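Scroll down for the structure; my scribbles are underneath it.
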Amino acid sequence: MKLVGISGAIIGSKTALVVNKVLEEVKKQYPDVETELLDMKDYDVQFCDGRDPAAYTGDTKKVIDAVISSDFCLIGTPIYQASMSGVLKNLFDLIPVTALQQKVVGFVATGGTYQHYLVIENQLKPIAGFFRSYVAPGYVYVHDDHFNEYKEITDPNVLERIERLAHELVFMQKRLKGSE
């Protein structure tokens with residue numbers, strides 16, 4: 001069972017830190033689950049131009065294939081101008097409609113205002129619905145204030161939500177796929 005965590009940012013490190021923290025918590029709670037961090041800043045991905053996803057090559061193909069081959073996904077984005085990153089939107093445009101179909105998906109986001117958590121509810125969850133994904137009920141939004149000067153998450157409530165999200169993702173995946 002493979003969980004792919006996607007950090008939908010090409011600058012900064014906070015989104016990747018949060019995604020990775022959830023992946024680490026999954027490994028801690030469920031050592032049998034394989035995890036992979038797909039940090040978009042590590043890939044030179046083309047803009048979607050409407051062609052068949054199978055026609056892309058290079059890093060774009062690697063990223064598409066990583067999402068397709070996952071059993072379930074954790075998707076993270078920084079919030080810019082009250083919306084997801086363009087990098088993540090481009091990824092959603094690149095992957096085939098079936099890439100997330102009947103897969104469990106969880107969300108994390110980072111941002112500079114306390115209201116930006118609504119992007120998860122108002123933009124990301126509807127996109128998951130379009131892909132016919134099963135969405136974990138919980139999610140994690142991390143504000144700049146939740147990090148210390150060393151970019152470590154220090155807020156106990158956020159850390160608790162990370163633990164819960166890790167559990168929800170694996171719990172749902174195992175139940176939906178009929179495994180214990």
Side-chain angles (χ1 to χ4, degrees), residues 1-10 12-43 45 59 61-78 84-85 87-88 91-92 94-96 98-111 117 120 124-125 127-129 131-143 146-180:
M1 187 165 43
K2 183 177 181 181
L3 171 62
V4 171
I6 301 165
S7 174
I10 56 172
S13 60
K14 290 178 181 172
T15 302
L17 289 169
V18 178
V19 170
N20 202 49
K21 187 76 171 164
V22 176
L23 295 178
E24 288 172 359
E25 190 61 37
V26 166
K27 288 302 288 179
K28 183 174 141 188
Q29 293 181 32
Y30 305 94
D32 58 315
V33 175
E34 179 186 350
T35 62
E36 177 185 350
L37 175 63
L38 188 63
D39 191 342
M40 295 302 290
K41 78 170 83 177
D42 295 336
Y43 298 91
V45 175
D59 281 354
K61 179 174 177 31
K62 288 178 192 172
V63 168
I64 292 169
D65 289 348
V67 175
I68 291 171
S69 69
S70 69
D71 294 306
F72 57 136
C73 288
L74 171 67
I75 300 170
T77 184
M84 74 187 91
S85 69
V87 174
L88 183 60
L91 178 60
F92 285 141
L94 285 166
I95 61 175
T98 57
L100 298 174
Q101 188 173 0
Q102 297 184 351
K103 291 183 182 181
V104 175
V105 173
F107 293 109
V108 301
T110 56
Y117 75 91
I120 296 171
L124 296 175
K125 286 185 175 184
I127 288 171
F131 281 108
R132 303 294 188 245
S133 303
Y134 300 111
V135 179
Y139 53 83
V140 178
Y141 178 75
V142 185
H143 184 275
H146 297 137
F147 292 93
N148 66 16
E149 65 272 15
Y150 305 108
K151 293 187 181 172
E152 299 167 324
I153 302 167
T154 55
D155 186 281
N157 291 326
V158 171
L159 293 169
E160 182 181 321
R161 287 195 304 273
I162 286 170
E163 287 178 27
R164 263 197 323 264
L165 178 58
H167 173 70
E168 286 176 2
L169 285 166
V170 178
F171 175 83
M172 286 180 67
Q173 177 66 20
K174 286 184 175 189
R175 292 301 187 270
L176 288 168
K177 300 305 175 184
S179 61
E180 231 7 81

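Values reported hereafter were calculated over all heavy atoms of this structure, with side chains retained and with hydrogens, waters and symmetry mates removed. Everything quoted here is computed from the prediction, not taken from an experiment.
Enclosure of atom NZ in K61 is not indicated, since only 12 or fewer non-hydrogen atoms of other residues, nucleotides or ligands lie within 6.0 angstrom.
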With side-chain contact (heavy atoms from CB on, under 4.5 Å) as the test, would you mind laying out the steps for S69 and K2 before giving the verdict?
CA-CA 8 Å; S69 69; K2 183 177 181 181; 4.2 Å; yes

Could you go through the side-chain contact (heavy atoms from CB on, under 4.5 Å) check for I95 and F131 one step at a time?
CA-CA 10 Å; I95 61 175; F131 281 108; 3.8 Å; yes

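Taking both residues in full, the closest heavy atoms of Y43 and V63 are given as CG-CG2, 3.6 Å, listed atom of the first, atom of the second, then distance. Here the closest heavy-atom approach between residue A99 and residue I68 is recorded as CB-CG1, 4.0 Å. In terms of heavy atoms, D71 sits closest to K103 at O-CG, 3.5 Å. Between K125 and P137, the closest heavy-atom pair is NZ-O, 3.9 Å. The minimum heavy-atom distance between V33 and F72, with the atom names listed, is CG1-CZ, 4.0 Å. The nearest pair of heavy atoms linking A66 to E36 is CB-OE2, 4.3 Å.
The backbone N or O of A9 lies less than 3.5 Å from no partner atom in the side chain of S85, so there is not a single donor-acceptor pair. For E168 (side chain) and G138 (main-chain N/O), a donor-acceptor pair under 3.5 Å exists by modelled atom type.
Under the side-chain contact (heavy atoms from CB on, under 4.5 Å) test applied with V104, the options L3, L169, V135 reduce to a single match, L169. Of the candidates I120, I75, L91, T77, M84 forms a side-chain contact (heavy atoms from CB on, under 4.5 Å) with just one, namely T77.
T110 and T15 form a side-chain donor-acceptor contact under 3.5 Å, judged by distance and modelled atom types alone.
Scored by the side-chain contact (heavy atoms from CB on, under 4.5 Å) test, V158 finds V140, V142, H146, I153, D155, R161, I162 as partners (sequence neighbours excluded). Taking K62 as the reference, nothing meets the side-chain hydrogen bond (donor to acceptor under 3.5 Å, both in side chains) condition, with sequence neighbours excluded.
D42 contributes atom CG, which lies 7.5 Å from atom CG of L37 (distance to the nearest 0.5 angstrom). Taking OG of S7 as the reference point, atom NZ of K14 lies at 13.0 Å (rounded to 0.5 Å).
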Run the side-chain donor-acceptor check on residues 16-26: report pairs under 3.5 Å with partners two or more places apart or on a different chain.
{"residue": "N20", "atom": "ND2", "partner": "E24", "partner atom": "OE2", "Å": "3.1"}
{"residue": "E25", "atom": "OE2", "partner": "Q29", "partner atom": "NE2", "Å": "3.0"}

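Note on ring orientation: taking the six-membered ring where Trp is involved, the planes of Y117 and Y139 are parallel (angle under 30°, cut-offs 30° and 60°).
Proximity of T35 to Y30: side-chain heavy atoms (C-beta onward) are nowhere separated by under 4.5 Å.
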